[in-house]
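Scroll down for the structure; my scribbles are underneath it.
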Amino acid sequence: MNLHEYQGKSILKSFGVRIQEGIVANTPEEAVEAAKKLQEETGTGWWVIKAQIHAGGRGKGSIIGKDQRGVALAKSLDDVKQIADNILGGILVTLQTGESGKQVNKVLVAQDVYYPGDSEPDEYYMSVLLNRETGRNMIMYSTEGGMDIETVAEQTPHLIFKEEIDPKVGLMPFQARKVAYNLGLSGNAMKEMVKFVTALYNAYVGCDASMFEINPVLKTSDNLIMAVDSKVTLDGNSLFRHKDYAEMRDVTEEDPTEVEAGSHNLNYVKLDGNVGCMVNGAGLAMATMDMIKLSGGEPANFLDVGGTANAERVEKAFRIILKDENVKAILINIFGGIVRCDRVAQGVVDAYKNIGEIPVPIIVRLQGTNAEEAKTIIDESGLRVESATLLQEAADKVKAVLA
């Protein structure tokens, strides 16, 4: 589950990470009040107005139809209101949103932490995530903060450092000091960075995150270390342990069809192809998508109906797949282990009749318990549904109907 910047910062702060203070606002008027409150609490005279969307590159992105970036500096309360008015309700386009962009419903009014008169500030990149090659958490960091880490990795890979954490002992003090040393810090700044790294890792583990990315981490002129931005992804499987974090979910930032599928306990991910997939089991779904690709088609989605592929779930899955106008055929691939294939076949027939005429051909492959009975049900249904026995046969039939 992805979080907005202000939500991620609230988690960081709760674990003792120093952050750039800010207040979220939904209207230009709220933004002005937030700016006044920040001025009272922090003494800031300037403010940074940040669009809150689940995408990076906001500072370089722009609002469609307006000369307005997604992140801007306000030097007066009038600027705060004007910038917030330009951003809120607008469509922000960044490299990560694509050309369609994302609508901005909230802005974060943050204190200006770049002190007037300072020379070029020291900014660093830091993230905590799982290294899947080793199965260990790692801290990835660089002196090149404020830049796209992909660009740094491509052009100057020697400036990216990695520190892997032994799960038996966790982050050790010498590792936090090593991070600070590699960033070129000393004295009080080094001590502050050690505290920052330790608190950041504790936050990552404590909230069951999949990733923490802070870009940039700022060293102020008085040697304070703070998170100026935050990109946080939480492990959705752990949210039952964190009810307060689960409430942070913003469904307006997610694909509406995926949200609808989730409400029916269907695992659905939209893709860019033309063949809808309905499968039980993630492994079988991946194999099915591979076969479609090898047969010349392109999967339009990943959809796992789970172990109870009854008529109701199949019907809901059909309706969700058909919301995608690019779908030209649907491949149903079910292995009947616990669930009986004949029941799934009857569920397909019943779902088809409940929906009415489905405008695309359907290929059904059922294997496992009562597979022969299931094939008979499909073949004798009189519907625009073809049955298949082998996965290759099913893929070939998909290829034929797309030709």
Side-chain angles (χ1 to χ4, degrees), residues 1-15 17 19-31 33-34 48-59 61-64 68-72 83-110 127 129 203-204 206-215 227-270 320 323:
M1 184 179 80
N2 293 324
L3 298 182
H4 287 294
E5 175 190 351
Y6 76 93
Q7 295 170 324
K9 282 182 173 177
S10 69
I11 293 177
L12 289 172
K13 187 176 181 180
S14 70
F15 281 89
V17 178
I19 64 168
Q20 175 194 36
E21 297 290 346
I23 300 173
V24 70
N26 299 293
T27 66
E29 292 74 23
E30 287 184 11
E33 292 304 312
V48 184
I49 314 302
K50 303 182 178 185
Q52 297 297 283
I53 61 171
H54 288 173
R58 294 167 296 161
S62 59
I63 301 293
I64 293 178
Q68 180 65 63
R69 297 292 185 184
V71 177
I83 294 170
D85 188 50
N86 286 340
I87 293 178
L88 285 167
I91 305 298
L92 178 60
V93 177
T94 77
L95 290 175
Q96 293 188 14
T97 65
E99 295 181 358
S100 59
K102 283 192 173 186
Q103 181 170 320
V104 183
N105 299 314
K106 301 175 185 292
V107 293
L108 178 64
V109 182
S127 63
L129 66 163
Y204 171 82
C207 69
D208 289 312
S210 299
M211 184 192 68
F212 267 113
E213 183 179 65
I214 315 298
N215 190 22
V228 176
D229 194 7
S230 74
K231 184 177 181 181
V232 176
T233 302
L234 301 180
D235 184 351
N237 295 317
S238 73
L239 291 177
F240 71 94
R241 289 197 291 263
H242 306 283
K243 303 297 183 183
D244 51 340
Y245 297 160
E247 293 175 358
M248 293 181 176
R249 182 185 181 191
D250 186 352
V251 295
T252 64
E253 290 287 323
E254 302 175 23
D255 183 281
T257 308
E258 293 182 13
V259 173
E260 180 184 352
S263 68
H264 298 308
N265 295 318
L266 298 172
N267 297 312
Y268 173 87
V269 179
K270 187 180 182 306
I320 288 170
K323 287 180 181 290

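Annotation: the span from Leu3 atom CG to Arg249 atom CZ amounts to 12.0 Å, rounded to 0.5 Å. Here CZ of Arg69 is found 11.5 Å from OG1 of Thr94. Values are rounded to the nearest 0.5 Å. Once rounded to the nearest 0.5 Å, the distance linking OG of Ser10 with NE2 of His4 reads 11.5 Å. Between atom CG of residue Leu239 and atom CD of residue Glu247 there is a gap of 11.0 Å, rounded to the nearest 0.5 Å. Atoms CG and NZ, on Leu108 and Lys50 in that order, are 6.5 Å from each other to the nearest 0.5 Å. Within the model, atoms NZ of Lys270 and OG1 of Thr257 stand 7.5 Å from one another, a figure rounded to the nearest 0.5 Å.
One N or O on the side chain of Glu253 and one on the backbone of His54 form a donor-acceptor pair closer than 3.5 Å. Side chain of Gln52 to main chain of Glu5: a donor-acceptor pair is present (N/O by atom type, distance under 3.5 Å, no hydrogens or angles). Side chain of Lys231 to main chain of Ala55: no donor-acceptor pair is present (N/O by atom type, distance under 3.5 Å, no hydrogens or angles).
Taking a 6.0 Å sphere around CG of Leu95, one finds it holds 12 or fewer heavy atoms contributed by other residues, nucleotides or ligands.
Exactly one residue among Glu213, Lys9, Lys13 makes a side chain to side chain contact (heavy atoms under 4.5 Å, CB included) with Ser230. That residue is Lys9. Between Ile53 and the choices Asp250, Leu92, Thr252, Asn105, the side chain to side chain contact (heavy atoms under 4.5 Å, CB included) rule is met once, by Leu92.
Here the closest non-hydrogen pair linking Ala31 and Ala25 is N-CB, 3.5 Å. The nearest pair of heavy atoms linking Ile214 to Val228 is CG2-N, 4.5 Å. The heavy-atom pair separating Val107 from Ala84 by the smallest distance is CG2-CB, 4.5 Å. The shortest heavy-atom contact between Val93 and Gly98 is CG1-O, 3.3 Å. Counting all heavy atoms, side chain and backbone alike, Ile11 lies closest to Cys207 at CG2-SG, 4.1 Å. When all heavy atoms of Gly101 and Thr97 are compared, the pair lying nearest together is CA-OG1, 3.5 Å.
The side-chain heavy atoms of His242 and Asp208, taken from C-beta on, include a pair separated by under 4.5 Å. Residues Val71 and Val48 have side chains in contact (heavy-atom distance under 4.5 Å, counting atoms from C-beta outward). The shortest side-chain heavy-atom distance between Ile320 and Leu266 falls under the 4.5 Å cut-off.
Using a 4.0 Å cut-off between a side-chain N of Lys or Arg and a carboxylate O of Asp or Glu, Arg58 and Asp229 qualify as a salt bridge.
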